[in-house]
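This report concerns only the one structure given below.
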Amino acid sequence: MLSFFRKKSDDLTQTNTVSEGNSKKSINDKDLQQNNNQTLQDLGYKNSQDLKETIYDFLRTIKDPEKPNTLEDLNVVYEDGIFIKNPTPSNVHVVRVEFNPTVPHCSLATLIGLCIRIKIERNISHNLKLDIYIKKGAHSTEDEINKQINDKERIAAAMENPNLRELVEKCIKDED
């Protein structure tokens with residue numbers, strides 16, 4: 001019986017060849033498994049608070065689509081609206097971002113949610129499960145908007161629209 005288990009664990013150490021450009025690289029299955037089990041410390045953060053602060057630093061500079069202010073200036077994004085949840089079973093770190101539109105009927109809430117998502121995805125190099133929501137009770141159509149800004153297909157379609165993409169780029173552009 002022990003040999004059966006040993007054989008199974010030996011199978012985990014099989015080496016796979018992965019092509020990277022013109023060179024071939026040998027990857028051990030145990031290495032792949034370890035990459036999936038990275039802790040926040042392995043990713044360069046001291047703890048979940050450090051990840052939260054890093055994400056907030058990216059979000060605070062997003063410009064409002066209608067005003068010359070940032071989302072931080074308008075209290076649309078705030079550090080207490082970022083939650084670092086427990087990782088998924090496959091050890092993907094889960095981040096929930098809540099934002100608070102300036103008025104309950106804000107017509108640009110979906111665009112703001114899209115800007116938040118794109119800014120985080122472009123600036124965090126490791127895998128995250130990202131959930132973005134309007135603060136409960138802060139918008140008249142929050143359920144519909146939450147559904148839109150958490151739907152991968154809708155996000156991809158929105159970013160294919162050149163006018164919308166240009167607007168997002170303008171809002172998330174960092175000052176030089």
Side-chain angles (χ1 to χ4, degrees), residues 12 16 18 20 25 27-65 70-72 74-101 106 108-161 164-165 167-174:
L12 286 175
N16 294 325
V18 176
E20 278 188 11
K25 183 178 178 185
I27 296 180
N28 188 309
D29 284 346
K30 282 186 180 177
D31 292 337
L32 290 174
Q33 189 176 20
Q34 285 175 346
N35 286 340
N36 289 336
N37 292 326
Q38 289 183 319
T39 66
L40 288 174
Q41 291 79 16
D42 295 336
L43 297 171
Y45 304 101
K46 295 176 196 161
N47 51 35
S48 61
Q49 181 65 29
D50 190 26
L51 174 57
K52 178 179 176 174
E53 290 169 1
T54 300
I55 290 171
Y56 180 67
D57 284 342
F58 292 126
L59 298 183
R60 60 194 299 257
T61 62
I62 298 173
K63 292 170 199 65
D64 184 84
T70 66
L71 296 185
E72 178 188 44
L74 299 169
N75 293 319
V76 173
V77 295
Y78 39 92
E79 196 169 347
D80 290 341
I82 300 170
F83 306 91
I84 310 301
K85 304 283 192 169
N86 292 331
T88 64
S90 59
N91 205 37
V92 174
H93 298 281
V94 179
V95 175
R96 178 186 171 107
V97 177
E98 286 183 358
F99 69 99
N100 188 13
C106 178
L108 297 173
T110 306
L111 176 62
I112 291 169
L114 181 61
C115 290
I116 289 170
R117 177 173 296 283
I118 299 302
K119 184 80 171 196
I120 294 171
E121 286 177 352
R122 287 192 183 166
N123 288 283
I124 301 291
S125 60
H126 52 84
N127 286 338
L128 287 178
K129 179 180 182 321
L130 193 53
D131 297 324
I132 300 174
Y133 292 94
I134 292 177
K135 185 176 181 179
K136 193 78 175 152
H139 198 278
S140 55
T141 60
E142 70 189 60
D143 291 335
E144 292 84 9
I145 293 171
N146 289 340
K147 187 175 180 179
Q148 284 182 316
I149 59 180
N150 289 293
D151 183 318
K152 290 179 183 181
E153 290 178 9
R154 289 183 186 190
I155 293 161
M159 291 306 289
E160 287 177 7
N161 177 321
L164 192 52
R165 185 177 57 244
L167 192 51
V168 169
E169 296 295 343
K170 182 180 170 189
C171 290
I172 67 172
K173 181 182 176 191
D174 288 327

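We use all heavy atoms of the structure for the numbers below, so side chains are in, but hydrogens, waters and symmetry mates are not. The residues of the chain are indexed from 1 along the displayed sequence.
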Q) If you take all heavy atoms of Ser48 and Ile84, which pair is closest and at what distance? A) O-CG1, 3.5 Å
(Q) Distance check, rounded to the nearest 0.5 Å: Glu169 atom CD versus Lys173 atom NZ? (A) 10.5 Å
Q) Is there a side-chain contact (heavy atoms from CB on, under 4.5 Å) between Asp64 and Ile112 once you walk through the steps? A) CA-CA 8 Å; Asp64 184 84; Ile112 291 169; 4.2 Å; yes
(Q) Using 0.5 Å steps for rounding, measure from the CZ atom of Arg96 to the NZ atom of Lys52. (A) 13.0 Å
Q. Closest approach of Asp50 and Tyr45, non-hydrogen atoms and distance?
A. OD2-CA, 3.2 Å
Q.
How close do Ile132 and Asn146 get, counting heavy atoms only, and between which atoms?
A. O-OD1, 4.2 Å
(Q) By the definition side chain to side chain contact (heavy atoms under 4.5 Å, CB included), identify the one residue from Asp131, Ile124, Ile55 that meets it with Val95. (A) Ile55
Q. Got a second to check how far Leu128's CG is from Leu43's CG, nearest 0.5 Å?
A. 8.5 Å
(Q) Less than 4.0 angstrom from a charged side-chain N to a carboxylate O is my criterion; do Lys136 and Glu142 meet it? (A) yes
Q) Considering all heavy atoms of both residues, which atom of Cys106 and which atom of His139 are nearest to each other, and what is their separation? A) O-NE2, 2.8 Å
Q) Is it true that Lys46 and Glu53 make a salt bridge, defined as a side-chain N closer than 4.0 Å to a carboxylate O? A) no
(Q) How close do Ile62 and Cys115 get, counting heavy atoms only, and between which atoms? (A) CD1-O, 3.9 Å
Q: Assess whether side-chain contact (heavy atoms from CB on, under 4.5 Å) is satisfied between Ile149 and Thr110, documenting all intermediate values.
A: CA-CA 7 Å; Ile149 59 180; Thr110 306; 4.0 Å; yes
Q.
Please report the interatomic distance CE(Met159) to CG(Leu114), rounded to the nearest 0.5 Å.
A. 6.0 Å
Q.
Would Tyr133 and Asn150 count as a side-chain contact (heavy atoms from CB on, under 4.5 Å) here? Give the steps.
A. CA-CA 8 Å; Tyr133 292 94; Asn150 289 293; 3.9 Å; yes
(Q) Working to the nearest 0.5 angstrom, can you tell me the gap between Lys129 NZ and Lys85 NZ? (A) 10.5 Å
Q: To the nearest 0.5 angstrom, please state how far the CG atom of Leu167 sits from the CG atom of Leu108.
A: 7.5 Å
Q: Check step by step if side-chain contact (heavy atoms from CB on, under 4.5 Å) holds for Phe58 and Arg122.
A: CA-CA 10 Å; Phe58 292 126; Arg122 287 192 183 166; over 6 Å; no
Q) Which atom names give the shortest non-hydrogen contact between Leu71 and Leu59, and what distance separates them? A) CB-O, 4.5 Å
Q: Look at atom CD of Gln41 and say whether more than 12 heavy atoms of other residues, nucleotides or ligands are closer to it than 6.0 Å.
A: yes
